[in-house]
Amino acid sequence: MNKEFLNVIVVDEDEGNLIFFKSIFKDLKVGVKVQCFTNGDNLMEYLNSDDALIPEIVFMKYEITKKSSMECLDEIKMDFRFSNIVTAVYSHLLSEDEIEGVFVKGANIFIKKPEAYEALKKILTDVITINWQYHTSGLNIDNFMMKVG
């Protein structure tokens, strides 16, 4: 695959978090084009639109409004058009059962979101770098899972 950048979507109602993600992605060696949505309804509306640019990665805060991250995961995993999307769910504090539920719903990645900006930057850099390697090598994304933090 000859790609110059990854298309990434971030879903979070917190404007501060969206700014952090965009700032971190801008500083990476890998080119990242970011789109942001503040709730699950807007995400799914976009993905289901005719002019949607299907992303390689979707980062979703666990606690999003209008349509939950778990509902979005259900819809993404059920639609063959989205079969190559890597889904990453993040949260400050989830129980092990909730984290297991995230994976059962089909998420590829769970990130325990750190409080410190530098720690978040390291995690996001690792996730983007690993995904870049997957997308440019043509490896099978179906078995890809990781828990970070």
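Values in this document were obtained by computation on a predicted structure and should not be read as measured data. Start at 1 with the first residue, then count along the sequence.
For residues 66-89, no pair satisfies ring pair (Phe, Tyr, Trp, His ring centres under 6.0 Å), with sequence neighbours left out. Counting only residues at least two apart or in different chains, salt bridge (Lys or Arg N to Asp or Glu O under 4.0 Å) contacts with residues 72-83 comprise Lys67-Glu75, Asp74-Lys105, Asp79-Arg81. Residue pairs meeting the salt bridge (Lys or Arg N to Asp or Glu O under 4.0 Å) criterion with at least one partner in residues 15-28, sequence neighbours excluded, are Asp27-Lys121.
By the 4.5 Å heavy-atom criterion applied to side chains, Asp12 and Thr38 are not counted as neighbours. At a threshold of 4.5 Å between non-hydrogen side-chain atoms, the residues Pro55 and Leu6 do not count as touching. Residues Val58 and Val86 have side chains not in contact (no heavy-atom distance under 4.5 Å, counting atoms from C-beta outward).
By the ring pair (Phe, Tyr, Trp, His ring centres under 6.0 Å) test, Tyr62 pairs with no residue at all, sequence neighbours left out. Partners of Thr65 under the side-chain contact (heavy atoms from CB on, under 4.5 Å) rule, at least two apart in sequence or in another chain, are Asn39. Partners of Glu45 according to the side-chain contact (heavy atoms from CB on, under 4.5 Å) rule, which considers only residues two or more places apart in sequence or in another chain, do not exist here. Judged as a side-chain hydrogen bond (donor to acceptor under 3.5 Å, both in side chains), and not counting sequence neighbours, the contacts of Lys122 are Asp126. Scored by the ring pair (Phe, Tyr, Trp, His ring centres under 6.0 Å) test, Phe59 finds Phe21, Phe25 as partners (sequence neighbours excluded). Under the side-chain hydrogen bond (donor to acceptor under 3.5 Å, both in side chains) criterion, Asp97 pairs with no residue, sequence neighbours left out. Judged as a ring pair (Phe, Tyr, Trp, His ring centres under 6.0 Å), and not counting sequence neighbours, the contacts of Phe20 are Tyr117. A search for side-chain hydrogen bond (donor to acceptor under 3.5 Å, both in side chains) contacts involving Thr125 returns nothing, not counting sequence neighbours. Residues meeting the salt bridge (charged side-chain N to carboxylate O under 4.0 Å, His left out) test with Glu63, sequence neighbours left out: none.
Residues Val8 and Ile19 fall into different hydrophobic clusters, defined by Ile, Leu, Val, Met, Phe, Trp and Tyr side chains chained together at heavy-atom separations under 4.5 Å.
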Check the pair Met60 / Leu73 against side chain to side chain contact (heavy atoms under 4.5 Å, CB included), numbers first and verdict last.
-> CA-CA 9 Å; Met60 275 187 286; Leu73 278 174; 3.9 Å; yes
What's the verdict on side chain to side chain contact (heavy atoms under 4.5 Å, CB included) for Ile57 and Ile85, showing C-alpha distance, side-chain angles and the deciding distance?
-> CA-CA 5 Å; Ile57 310 172; Ile85 295 176; over 6 Å; no
Take Ile109 and Thr87, measure what side chain to side chain contact (heavy atoms under 4.5 Å, CB included) needs, and give me the verdict at the end.
-> CA-CA 6 Å; Ile109 302 168; Thr87 50; over 6 Å; no
His92 vs Glu115, side chain to side chain contact (heavy atoms under 4.5 Å, CB included): CA-CA, chis, key distance, verdict | CA-CA 8 Å; His92 285 291; Glu115 296 292 331; 3.1 Å; yes
Carefully, step by step, assess Asn17 and Tyr90 under the rule side chain to side chain donor-acceptor pair (under 3.5 Å).
-> CA-CA 11 Å; Asn17 284 339; Tyr90 61 92; 5.0 Å; no
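Heavy atoms only, all atoms of each residue included: Val11 and Gly40 are closest at CG1-N, 4.3 Å.
Note that CG of Asn48 and CD1 of Ile76 are 9.5 Å apart. Values are rounded to the nearest 0.5 Å. The distance from atom OG of Ser83 to atom CD1 of Ile54, rounded to the nearest 0.5 Å, is 10.0 Å. With rounding to the nearest 0.5 Å, the separation of SG in Cys72 from CD1 in Ile64 is 4.5 Å. Between Ile24 atom CD1 and Ile123 atom CD1 the span is 9.5 Å, to the nearest 0.5 Å. With rounding to the nearest 0.5 angstrom, the CE atom of Met70 is 9.5 Å from the CD atom of Glu98. Rounding to the nearest 0.5 Å gives a distance of 9.0 Å between CG of Leu124 and NZ of Lys113.
Around the CD atom of Glu100, the shell of radius 6.0 Å holds no more than 12 heavy atoms that belong to other residues, nucleotides or ligands.
Looking only at distances, no side-chain donor or acceptor of Ser91 sits under 3.5 Å from a matching main-chain atom of Leu94. Using a distance-only test at 3.5 Å, with no hydrogens or angles considered, a donor-acceptor pair links the side chain of Glu56 to the main chain of Asn7.
Ring geometry, Phe37 versus Tyr46: the interplanar angle falls from 30° to 60°, so the pair is classed tilted.
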